[in-house]
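Scroll down for the structure; my scribbles are underneath it.
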Amino acid sequence: MSALPAGFYARTTVAVARELLGHRLVSTVGGRRCAVRIVETEAYVGPDDPACHAYAWHRSARNEVMYGRPGLLYVYFTYGMHWCANIVTERSGYPAAVLLRGGEPVEGVEVMRRRRRGVPDEEIASGPAKLAQALGITGALDGHSVTRPPLWVEAGEPVGPRRRAAARRVGVRRGATDRLRFYERGSRHVSRPRDSRG
DNA sequence: CTTGAGATGTTT
DNA sequence: AACATCTCAAGA
């Protein structure tokens, strides 16, 4: 088990969001191992980002983990039924994170099929809440370090710059024009195949 | 393939 | 009232 070191996340949020593509997110939640190859992320770059939960240094019980160490998991509950998972970036005290938006199942696919009953493999983790569900991520993991079990990132084959695409973030109004969504070109495991505008 | 509505609870 | 979403049903 060679987890990426916490230092990987102690860099600019955009760099982390880009370079996370291709690495593996591994889960042993519930005792069964499964993993996805990360193919889609979004950067929430901090207090100056209107779409960020910590915009203008907003701080609350929900986003407290964003103010912690890089490499911690920030899990939040949204739309009354979905969990979404981020990895905290930058330095301690500076609230920024990368949202994990899309993954390609590469290990323990049966486990994920059970959690995502009835959906084709392309849709097992093609969206932030789908990915969280597939890997068994809930609020119980809020604040967990992604350098160790039961959820961590393992080094994989990075997706090179030519095979990466940048697009507008999904589902945000403020800060909607920024191209802070990154995904692997041509992947069938991203939440949306193309950006609706530029 | 596309679009639109409803589910459902927390945060502002 | 909005929300970093998803699923299903209906239509083209």
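Residue numbers start from 1 in every chain, and the chains themselves are labelled A, B, ... in the order their sequence lines are given, proteins ahead of strands. Values below: every heavy atom of this structure, side chains too, minus hydrogens, waters and symmetry copies.
Contact of the Cys52(A) side chain with the Pro95(A) side chain is not registered, since no non-hydrogen atoms from C-beta on lie closer than 4.5 Å. Looking only at side-chain heavy atoms (C-beta outward), Arg91(A) and Pro70(A) stay at 4.5 Å or farther from each other. Residues Ile124(A) and Val119(A) form a side-chain contact, since some pair of their non-hydrogen atoms from C-beta on lies under 4.5 Å apart.
Arg113(A) meets the salt bridge (charged side-chain N to carboxylate O under 4.0 Å, His left out) test with Asp121(A); sequence neighbours excluded. Partners of Tyr55(A) according to the side-chain contact (heavy atoms from CB on, under 4.5 Å) rule, which considers only residues two or more places apart in sequence or in another chain, are Pro50(A). Every residue two or more places apart in sequence or in another chain that forms a salt bridge (charged side-chain N to carboxylate O under 4.0 Å, His left out) with Arg11(A) is listed here: Glu19(A). Not a single salt bridge (charged side-chain N to carboxylate O under 4.0 Å, His left out) links Glu90(A) to another residue, sequence neighbours left out.
Arg59(A) forms a cation-pi arrangement with Tyr67(A), by the criterion of a distance under 6.0 Å to the ring centre and an angle within 45° of the ring axis.
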Under-3.5 Å N/O pairs linking protein and nucleotides 3-5 of chain B:
none

Using a cut-off of under 3.5 Å, enumerate the N/O to N/O pairs linking the protein to nucleotides 6-9 of chain C.
unit_1 : atom_1 : unit_2    : atom_2 : d
dC6(C) : OP1    : Pro128(A) : N      : 3.3
dC6(C) : OP1    : Ala129(A) : N      : 3.0
dC6(C) : OP1    : Lys130(A) : N      : 3.1
dC6(C) : O4'    : His82(A)  : NE2    : 3.2
dT7(C) : OP1    : Arg116(A) : NH1    : 2.7
dT7(C) : OP1    : Arg116(A) : NH2    : 3.1

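As rounded to whole Å, 15 Å separates atom C1' of dA4(C) from atom CD1 of Ile87(A). Rounded to whole Å, atom P of dT5(C) lies 11 Å from atom CZ of Arg169(A). In this structure, Arg192(A) places its CZ atom 15 Å from P of dC1(B), rounding to the nearest Å. Look at CG on Leu99(A): it is 11 Å from C1' on dT5(C), rounded to the nearest Å. For the pair Asn86(A) CG and dT5(C) P, the computed distance is 11 Å after rounding to whole Å. Whole-Å rounding puts the Arg174(A) CZ to dA2(C) C1' distance at 9 Å.
For residues 68-77 of chain A, the side-chain hydrogen bond (donor to acceptor under 3.5 Å, both in side chains) pairs, not counting sequence neighbours, are His53(A)-Tyr74(A). Applying the side-chain hydrogen bond (donor to acceptor under 3.5 Å, both in side chains) definition to pairs two or more places apart or across chains, those involving residues 146-157 of chain A are Arg33(A)-Glu154(A), Ser145(A)-Thr147(A), Trp152(A)-Glu154(A).
Less than 4.0 Å separates DNA chain B from at least one heavy atom of each of the following residues of residues 49-70 of chain A: His58(A), Arg62(A). Near DNA chain C, meaning a heavy atom under 4.0 Å from it, residues 73-80 of chain A has Tyr76(A), Tyr79(A) in order of number.
The two residues Val109(A) and Pro105(A) come nearest to each other via the heavy atoms CG2-CB, 4.1 Å.
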Each base of DNA chain B marked ( ) or [ ] if paired in-strand (Watson-Crick or G-U under 3.5 Å), | if paired to another strand and . if unpaired gives |||||||.|||.
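Ionic pairing of Arg169(A) and Glu42(A) is not present here: no N-O contact between side-chain nitrogen and carboxylate oxygen is shorter than 4.0 angstrom.
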Residues 136-143 of chain A side chain polar contacts: donor-acceptor under 3.5 Å, at least two apart:
unit_1    : atom_1 : unit_2    : atom_2 : d
Thr138(A) : OG1    : Ala140(A) : N      : 3.2
Asp142(A) : OD1    : Val75(A)  : N      : 2.9

Practice problem: Kindly determine whether Phe182(A) and Arg18(A) satisfy side chain to side chain contact (heavy atoms under 4.5 Å, CB included), including the steps that lead there. | Solution: CA-CA 6 Å; Phe182(A) 304 99; Arg18(A) 284 192 185 119; 3.8 Å; yes
How far apart are the C-alpha atoms of Arg181(A) and Glu40(A), what are their side-chain angles, what is the distance that settles it, and do they pass the salt bridge (Lys or Arg N to Asp or Glu O under 4.0 Å) test? CA-CA 7 Å; Arg181(A) 171 180 175 238; Glu40(A) 181 183 357; 2.8 Å; yes
Inset, instruction - Tell me, with the steps shown, if Leu20(A) and Tyr9(A) meet side chain to side chain contact (heavy atoms under 4.5 Å, CB included). - result: CA-CA 9 Å; Leu20(A) 225 28; Tyr9(A) 309 102; 4.1 Å; yes
